[in-house]
Amino acid sequence: MLNQILLFLISLVCGIAVSGGFIAFIILIGIITELAGKTHTGDKILLYEDMIILGVTTGNIVLLYHLSLPFSQVGMAVFGVFAGIFTGCLAGALAEVVDIFPILSRRLNIHKGLPYLITAMALGKGFGTFVQWFILKN
Amino acid sequence: MESVNLYLKIERSSTINNNNLKLKDVGNIYCNDMDITHAVENMTIATFHKDLEVRQVITVLKVIELIQNEYPNVTVINLGDPEFIVIHRNIDKNSKKRIILEKIKIISVCLICFFGAAFTIMTFNNDVGVDEVFSKLYELFMDRKPKGNTILQVGYIAGLTLGMLIFFNHLSKHRFSDEPTPLEVEMRLQERDVNDATAISAGRNNKIIDVD
C-alpha cells in the first residue's frame with residue numbers, strides 16, 4: 001500500500017513537471033498568441049487555454065488507457081486535419097522563434113521574395129510527409 | 001500672454017470606426033484651460049477613405065504641429081511614444097455575418113488547440129517512452145511486472161492536468177490569482193512587437209504622417 005502511494009506521488013510530480021515543460025514550450029513558441037492574433041480573437045485567450053488543458057488531458061487518457069474511440073473515418077479526418085494544422089503552426093513558429101528567416105535573408109542578402117521562401121517551406125513539409133507515408137512505406 | 005502647458009498621452013495603437021480621426025479617439029489630453037482641452041480633443045488629425053481598411057502610423061510631432069498652429073502659446077508635453085498607430089476599419093461590429101464569422105474562427109482555433117494538444121502530448125509520451133518508464137518504475141517498487149494500467153498512469157494524468165491549471169493560473173473563468181496568465185502576458189508582448197514593427201516599416205517606406 002505504501003509503495004502504491006509512493007508510486008502515485010511520483011507519477012503526480014512527473015505529470016506536473018511534464019505539463020510545465022509543455023506549457024513553457026507552447027508559450028515560448030507563441031503558437032496560440034499567433035492564432036488568436038490572426039483571427040482577431042485575443043479576448044478569447046482563456047478559452048483557448050482551457051482547450052489546451054482539455055486536449056492534453058484527453059490525449060493523455062486516450063493513449064495511456066488505449067481507449068476505443070468509436071468515431072470511425074469522420075472522427076479520424078477531423079482529428080487529422082486539426083492536429084495537422086497545429087503541427088504545421090508548431091513547425092512554422094519554431095522556425096520563427098529561432099530566427100531562421102531573418103538570419104537567412106541577411107546571410108544570403110535576400111530582401112525580397114521571403115513569402116515565396118515560406119511557401120516553399122510549407123509545400124516542402126507537405127511533400128516530405130507525403131513521401132514518407134505514401135512512397136517510402138510501400 | 002502666459003504660456004499654457006498641455007499634456008498629451010496617446011495610446012500606442014487604437015482602432016477607430018469613423019472617418020475623421022479626432023484626438024480624443026486615440027488618447028488623453030490634460031490642460032489647465034478647459035476651452036483649449038475641449039478644442040484640442042475635437043481636433044481632426046487625419047481623415048480616412050470610407051471603405052478602406054488601413055493601418056496608419058502618425059507621429060506625435062504632426063499632432064504637436066497641428067496644435068501649435070491653432071494655439072501658438074501652448075507648450076505641448078508628450079507623455080507617450082513618439083509615434084502611434086491608428087487602425088481604421090469601417091465595419092459594422094454587430095452585423096450578423098461578422099458575428100457568425102467570428103464564432104467560426106473561435107471554434108476553429110478551439111479545435112486546433114484541443115486536437116493539437118492531444119496529438120502533441122501523445123507523440124511526446126510515445127517519443128520518450130512513458131509506458132516503458134512506468135513499467136520499469138512499477139517493477140522497482142512492487143517487485144512484479146505490471147498488468148495493464150497502474151496507479152502510475154492515474155497519477156500522471158492527474159499531475160499533468162493539475163500542473164497545467166497551476167501554470168495557466170485558471171480553471172475556465174475562475175482564476176486562482178488576479179495576475180495575468182502567461183498567455184495573456186505573451187499576447188501583450190506580441191502586440192507590442194507588432195506595433196513596433198509596423199511603426200518601423202512605415203517609417204522606412206515613408207508611409208508615415210509626419211511634419212514636412
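Chain letters run A, B, ... following the sequence lines, proteins first and then strands; every chain starts at 1. What you see is a predicted model, and the numbers here were worked out from it, not measured in a lab.
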| query | Is there any residue in residues 5-15 of chain B with a non-hydrogen atom under 4.5 Å from a non-hydrogen atom of chain A, and which ones are they? | reply | none
| query | Sub-3.5 Å donor-acceptor pair from the side chain of A:T33 to the main-chain atoms of B:M187, do we have one? | reply |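 Checking the backbone N and O of B:M187 against the side chain of A:T33, no donor-acceptor pair under 3.5 Å is found.
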Which bit of [X] comes within less than 4.5 Å of chain B, counting heavy atoms only: side chain, backbone, both or neither?
X: A:T58; value: side chain
X: A:I10; value: side chain
X: A:L9; value: neither

Where do [X] and [Y] come nearest, in terms of heavy atoms and distance?
X: B:E102; Y: A:H40; result: OE2-O, 4.0 Å
X: B:C110; Y: A:L47; result: SG-CD2, 3.5 Å
X: A:E34; Y: B:Q190; result: OE1-NE2, 3.0 Å

Do [X] and [Y] come within less than 4.5 Å of each other through their side chains, counting heavy atoms only?
X: B:V154; Y: A:S11; result: no
X: B:L160; Y: A:V18; result: yes
X: B:T150; Y: A:L7; result: no
X: B:V109; Y: A:I32; result: no
X: B:F124; Y: A:F22; result: no
X: B:T161; Y: A:S19; result: no

| Between B:N125, B:L101, B:I121, the one whose heavy-atom pairs under 4.5 Å with chain A are most numerous | B:I121
| task | List the steps, then state whether side chain to side chain contact (heavy atoms under 4.5 Å, CB included) holds for B:F119 with A:F79. | result | CA-CA 9 Å; B:F119 178 67; A:F79 179 85; 3.9 Å; yes
| query | When only pairs under 4.5 Å are counted, which of A:T87, A:V81, A:I5, A:L6 shares the most heavy-atom pairs with chain B? | reply |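 The candidate making the most pairs under 4.5 Å is A:L6.
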| message | Heavy-atom pairs under 4.5 Å with chain B - which of A:G59, A:C14, A:A36, A:G80 has more of them than the others? | response | A:G59
Atom [atom1] in [X], atom [atom2] in [Y]: separation rounded to 0.5 Å?
X: B:M164; Y: A:N60; atom1: CE; atom2: CG; value: 9.5 Å
X: A:T41; Y: B:K103; atom1: OG1; atom2: NZ; value: 13.0 Å
X: B:S108; Y: A:L35; atom1: OG; atom2: CG; value: 10.0 Å
X: B:I157; Y: A:T57; atom1: CD1; atom2: OG1; value: 8.5 Å
X: A:I61; Y: B:M122; atom1: CD1; atom2: CE; value: 10.5 Å
X: A:I45; Y: B:E186; atom1: CD1; atom2: CD; value: 9.5 Å

| query | Going through the checks in order, is the side chain to side chain contact (heavy atoms under 4.5 Å, CB included) test met by B:I106 and A:T39? | reply | CA-CA 8 Å; B:I106 294 169; A:T39 52; over 6 Å; no
| request: Check whether B:Q153 gets within reach of chain A through its side chain, its backbone, both or neither, counting any heavy atom under 4.5 Å. | output: both
| Checking side chain to side chain contact (heavy atoms under 4.5 Å, CB included) for the pair A:Y48/B:I112: CA distance, chi angles, key distance, verdict? | CA-CA 9 Å; A:Y48 300 153; B:I112 293 171; over 6 Å; no
| field | Where at least one partner belongs to residues 146-166 of chain B, residue pairs that pass ring-ring contact (aromatic ring centres under 6.0 Å, His included), sequence neighbours excluded | value |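 Residue pairs passing ring-ring contact (aromatic ring centres under 6.0 Å, His included), neighbours aside: B:F134-B:Y156.
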| Relative to the ring of B:F115, is the ring of A:F82 parallel (under 30°), tilted (30 to 60°) or perpendicular (over 60°)? |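 Rings of A:F82 and B:F115: parallel, under 30°.
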